[in-house]
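To start, the structure under review is shown below, and the notes come after it.
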Amino acid sequence: MSQPQVISASREIDAPAATVFELVADPAQHASWDGNDNVVELVRGGRVRATGEVFAMRTTKGNVRDNRVVVFEEGRLIAWRPGDDGGEPAGHEWRWEVEPLGEGRCRATHTYDWRELTDERRRARAESTTERNLSASLDKLAQRAEAAGGTPQA
């Protein structure tokens with residue numbers, strides 16, 4: 001049986017979409033809600049505002065990864081493709097969609113897509129990423145957003 005190359009998880013969050021999106025669009029916040037045990041800290045960049053921006057993160061293995069933003073719609077959608085520090089993206093993508101559900105609630109969907117992965121060094125990690133990992137990130141993100149009491153994190 002082949003490993004799915006696109007995995008996704010969703011959950012409803014008792015916080016406004018703007019609060020949730022702000023946590024995802026600000027790479028300095030990522031380590032606080034990363035459920036993949038992969039992100040340590042922001043090395044370069046800041047709050048994402050447009051497609052084409054690059055932010056760099058230090059991983060738990062000590063590597064620095066440049067993350068090129070490939071999709072961006074303020075308040076709603078963001079996706080980035082990681083690559084080596086100073087290098088081109090390796091062909092896998094992390095995507096977040098935030099959908100308002102009414103006053104103070106939203107649905108967040110987290111997707112990992114490695115159909116175009118070109119770096120064999122990353123294949124084992126890609127294959128080991130499951131819906132459980134994505135759900136862990138969603139759960140931590142929800143805790144952060146709900147604790148904020150509806151105030152977007154700046």
Side-chain angles (χ1 to χ4, degrees), residues 4-86 89-114 117 122 125-126 128-154:
Q5 293 181 310
V6 179
I7 55 173
S8 189
S10 295
R11 76 163 278 172
E12 291 186 13
I13 300 174
D14 290 323
T19 299
V20 172
F21 190 81
E22 193 63 33
L23 287 164
V24 175
D26 182 0
Q29 303 292 326
H30 289 191
S32 71
W33 52 257
D34 172 41
N36 296 307
D37 191 32
N38 194 38
V39 176
V40 174
E41 64 184 347
L42 176 67
V43 175
R44 259 186 327 276
R47 172 32 164 108
V48 175
R49 305 223 180 260
T51 300
E53 291 184 14
V54 177
F55 61 92
M57 304 296 290
R58 186 172 324 281
T59 70
T60 53
K61 292 183 177 182
N63 301 314
V64 173
R65 296 282 183 249
D66 281 353
N67 297 280
R68 184 176 315 278
V69 178
V70 295
V71 178
F72 185 82
E73 181 184 329
E74 180 64 47
R76 174 87 175 100
L77 178 61
I78 185 171
W80 58 84
R81 290 186 168 215
D84 289 334
D85 188 15
H92 53 150
E93 182 174 298
W94 296 97
R95 179 183 205 77
W96 286 88
E97 297 174 66
V98 182
E99 174 189 359
L101 295 177
E103 188 84 23
R105 288 185 58 74
C106 66
R107 176 178 298 110
T109 300
H110 186 23
T111 302
Y112 179 58
D113 179 345
W114 57 281
L117 185 64
R122 291 183 171 91
R125 178 77 178 206
S128 70
T129 302
T130 66
E131 185 179 334
R132 180 178 293 160
N133 300 107
L134 303 183
S135 291
S137 290
L138 282 163
D139 291 345
K140 287 181 174 185
L141 181 66
Q143 289 174 342
R144 286 286 319 275
E146 291 168 358
T151 305
Q153 302 289 304

### Summary
Taking every heavy atom of Thr60 against every heavy atom of Asp37, the minimum-distance pair comes out as OG1-O, 3.2 Å
### Query
Any chance CZ of Arg76 has more than 12 other-residue heavy atoms, nucleotides or ligands included, within less than 6.0 Å?
yes
### Task
Just jot down the side-chain contact (heavy atoms from CB on, under 4.5 Å) partners of Arg68, sequence neighbours excluded, or say none.
Val54, Glu88, Pro89
### Query
Aromatic rings His110 and Trp96: how do their planes relate, parallel, tilted or perpendicular, breaks at 30° and 60°?
parallel
### Query
Between Asp85 and Arg65, does at least one N-O distance fall below 4.0 Å, as a salt bridge requires?
no
### Query
How many angstroms lie between CG in Asp113 and OG1 in Thr129, if you round to the nearest 0.5 Å?
12.0 Å
### Task
State the CD-CG distance between Gln29 and Leu23, to the nearest 0.5 angstrom.
5.5 Å
### Message
When you compare the side chain of Trp114 with that of Ile7, does any pair of heavy atoms fall below 4.5 Å?
### Response
no
### Query
Looking at CZ of Arg125 and CG of Asn36, how far apart are the two atoms once the value is rounded to the nearest 0.5 Å?
6.5 Å
### Task
Could you pull out the closest heavy-atom pair between Pro27 and Gly46, with the gap in Å?
CD-O, 3.3 Å
### Message
Quick check for you: to the nearest 0.5 Å, what is the distance between Asn38 atom CG and Arg58 atom CZ?
### Response
13.0 Å
### Message
Between Trp80 and His30 (judged by ring centroids, cut-off 6.0 Å), do the two rings come close enough to count as a pair?
### Response
yes
### Task
Please name the pair of heavy atoms, one in Ile13 and one in Ala145, separated by the smallest distance, quoted to 0.1 Å.
CG2-CB, 4.2 Å
### Stepwise side-chain contact (heavy atoms from CB on, under 4.5 Å) test for Thr130 and Asn133
CA-CA 5 Å; Thr130 66; Asn133 300 107; 3.0 Å; yes
### Task
Heavy atoms only: give me the nearest Val39-Asp34 pair and the separation to one decimal.
N-OD2, 2.8 Å
### Query
Is there a side-chain contact between Ser32 and Lys140, using heavy atoms and a 4.5 Å cut-off?
no
### Query
Ala17: what forms a side-chain contact (heavy atoms from CB on, under 4.5 Å) with it, not counting sequence neighbours?
Val98, Pro100, Cys106
### Task
Apply side-chain contact (heavy atoms from CB on, under 4.5 Å) to Asp139 and list each qualifying residue two or more places apart in sequence or on a separate chain.
Arg11
#### Entry: Heavy-atom side-chain contact between Trp94 and Leu134 under 4.5 Å
yes
#### Entry: With Ala79 via side-chain contact (heavy atoms from CB on, under 4.5 Å) - residues at least two apart
Val70, Val71, Glu93, Arg95
### Task
Please report the shortest heavy-atom distance between Val48 and Glu53, naming the atom on each side.
CA-OE1, 3.3 Å
### Query
Do you know which two heavy atoms are closest between Val64 and Ala56, and how far apart they sit?
CG1-CB, 3.9 Å
### Task
State which residues pass ring-ring contact (aromatic ring centres under 6.0 Å, His included) with Phe72; sequence neighbours excluded, sorted by chain then number.
Phe21
### Query
Side chains of Val43 and Met57: does their closest heavy-atom pair fall under 4.5 Å?
no
#### Entry: salt bridge (charged side-chain N to carboxylate O under 4.0 Å, His left out) evaluation trace for Arg122 with Asp84
CA-CA 11 Å; Arg122 291 183 171 91; Asp84 289 334; 2.7 Å; yes
### Message
Restricting to side-chain hydrogen bond (donor to acceptor under 3.5 Å, both in side chains), what partner residues turn up for Glu97, sequence neighbours left out?
### Response
none
### Message
Would you say that Arg44 contacts Asp66 through its side chain, given a criterion of any heavy-atom pair below 4.5 Å between the two side chains?
### Response
yes
